[in-house]
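First comes the structure, then the notes that go with it.
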Amino acid sequence: MATAKGKGSAAATKRAARKVRILVGKPGLDGHDRGAKIIARALRDAGVEVIYTGLHQTPEMIVNTAAQEDVDGIGLSILSGAHNYLFPKVMELLREKKMGDVVLFGGGIIPDDDIPKLLKKGVDRVFTPGTRIQEIVEYVNARIQPRK
Amino acid sequence: MTVTAKEILAGDVRAAARLMRDLDDEIPAAVRVLKSLYRHTGRAYILGVTGAPGSGKSTLVNRITSLLRKRGKTVGIVAIDPTSPYTGGAILGDRIRMQQHALDEGVFIRSLATRGHLGGLSRSTLDIVNVMDAMGKDVILIETVGVGQDEVEIVKVAHTNIVVVVPGLGDDIQAIKAGILEIADIFVVNKADREGADKTRREIETMISMGEYGEGEWKPPVLPTVAATDTGTAELLVEVERHREYAFREPHIARYRREKARVELLEILKTRLIEKAVSDLESHGLLEPLLADLARKRKDPYSISEKVVDHSFALRLLGGRDNPPKKKRY
């Protein structure tokens, strides 16, 4: 049967239904996940498949999960003050695993002075308290495209 | 990045994850890899876990995984959560209860969204299971989306089906009247420390006892567990192991393999035939006019479907023209 080659074959005309997948997690020791949950929900409402990992994640757990779930982006909520360690560590592990193309962003109680340092280390965007949810959704929509 | 079958067979996590993504997204190139992987599948033991939302499936899967790892088994987990019918988005949260395995290289967890597929699984579940199987996972656990009464697709996929129920979901065990009752190889009454657990257990046992079981035929056991505290899970694994032995014995295993082959083939065929028919109609500019005719009730969908099937497929199978003539109106 000439199904594989024909002009109208399924392979040639099939439209891919790419979805954006984003990991939302909370590394470190603080137990406040309300912010992370709100972000997860807002992204779901924007059509994203959100892999929600919950609390107390180590950078190693986050990156392993990101690898198994093949995500396009990682959003981390950090309220514990350990952002200067956690963000760069996640970035380092991503690069180690040749996953440097995964977009890392996050938010939390992060002093303005620390933000340029985090961006320099490869964090794509840092959101601070008071950010509108819609702003984060718009950022994700603009920055993270479904894979070709 | 192209994924090769060789990488999957070598157990490469990144390659497998990417292939699963492509399969879930229905990328045609991914199917080519699956073709060469197919003959390497069929070695894993597939264990389905199904039950109502919030019945403790993820926690139970987590506990079972720990026990299997202690025995040196490698584990693949496919955890399915619902897609929002309004936005197409999803929150896949089954991993929350399984993160203790996040650093274990012997465990591969993949979260899937239903993406509108009914039946308790995602359309891609069988493909993803095949990839894990080809990776060499000893046991593959499938956690269905939280189900009601009729989402029983898992029965054709898994060697062993665990149905999880919890106390207090209504008298006469509303949720397990038919459908889901019939697919259980093992019943788990989870959250068994709650009031009503004994009653739930007795009701299920009564129901089972009303069935007829022949000599040597499997009769589903009913096991109380409290997955949150790891109570009763070791006993559950004993029953799982017992059923695994039963399921892999003849004639059961031959029947399972034939049934699974049927499901696999028919599901793929169904998808492909629809794609083919729609693309034929579209490439000849017929789809939109037909829909307009239907909307105005000038035609009926039954006759159109019959004609599409006859023209699209029969002609080609019989060696006719590959495409119907352009001007042809159905």
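Everything quoted here is computed from the prediction, not taken from an experiment.
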- Message: I'd like to verify something: which residue of A:H56, A:K19, A:Q57, A:E60 has the highest number of heavy-atom pairs under 4.5 Å with chain B?
- Response: A:K19

- Please confirm whether the backbone N or O of B:V107 pairs with a side-chain atom of A:Q68, one donor and one acceptor, at under 3.5 Å? yes

- Item | Among B:V13, B:V31, B:I109, B:D81, residue most engaged with chain A (heavy-atom pairs, under 4.5 Å) | B:I109

- Item | Atom CD of A:Q134: over 12 foreign heavy atoms under 6.0 Å | yes

- Message: For B:L118, is the CG atom crowded, meaning more than 12 foreign heavy atoms sit under 6.0 Å from it?
- Response: no

- Item | All ring pair (Phe, Tyr, Trp, His ring centres under 6.0 Å) counterparts of A:Y139, not counting sequence neighbours | A:F105, A:F127

- Task: Check each atom of A:D101 against the heavy atoms of chain B and say whether the ones under 4.5 Å are side chain, backbone, both or neither.
- Result: side chain

- Rounded distance (nearest 0.5 Å) linking atom CE of A:M61 with atom CG of B:L103: 6.0 Å

- Query: Considering heavy atoms only, which positions within residues 40-52 of chain A lie below 4.5 Å of chain B?
  - Reply: A:A40, A:R41, A:R44, A:D45, A:G47, A:V48, A:E49, A:V50, A:I51, A:Y52

- Message: Please list all pairs meeting salt bridge (Lys or Arg N to Asp or Glu O under 4.0 Å) that have one or both residues in residues 84-99 of chain B, counting only residues at least two apart or in different chains.
- Response: A:E69-B:R95

- Message: Looking at every heavy atom in both A:T65 and B:A102, which two are closest together, and how far apart are they?
- Response: OG1-CB, 4.2 Å

- Over all heavy atoms of both residues, which pair between B:A17 and A:D70 is shortest? Give the atoms and the distance, please. O-CB, 3.6 Å

- Task: Taking all heavy atoms of A:A67 and all of B:R14, pick out the closest pair and write down the distance.
- Result: CB-CD, 4.2 Å

- Message: One thing to verify: whether B:D24 and A:R18 come together as a salt bridge, which I'm taking to mean a side-chain N less than 4.0 angstrom from a carboxylate O.
- Response: no

- Message: So if I take each residue of residues 74-99 of chain A and look for any heavy atom under 4.5 Å from a heavy atom in chain B, which residues do I end up with?
- Response: A:K97, A:K98, A:M99

- Item | Least distance between heavy atoms, B:R21 atom then A:V20 atom | NH2-CA, 4.3 Å

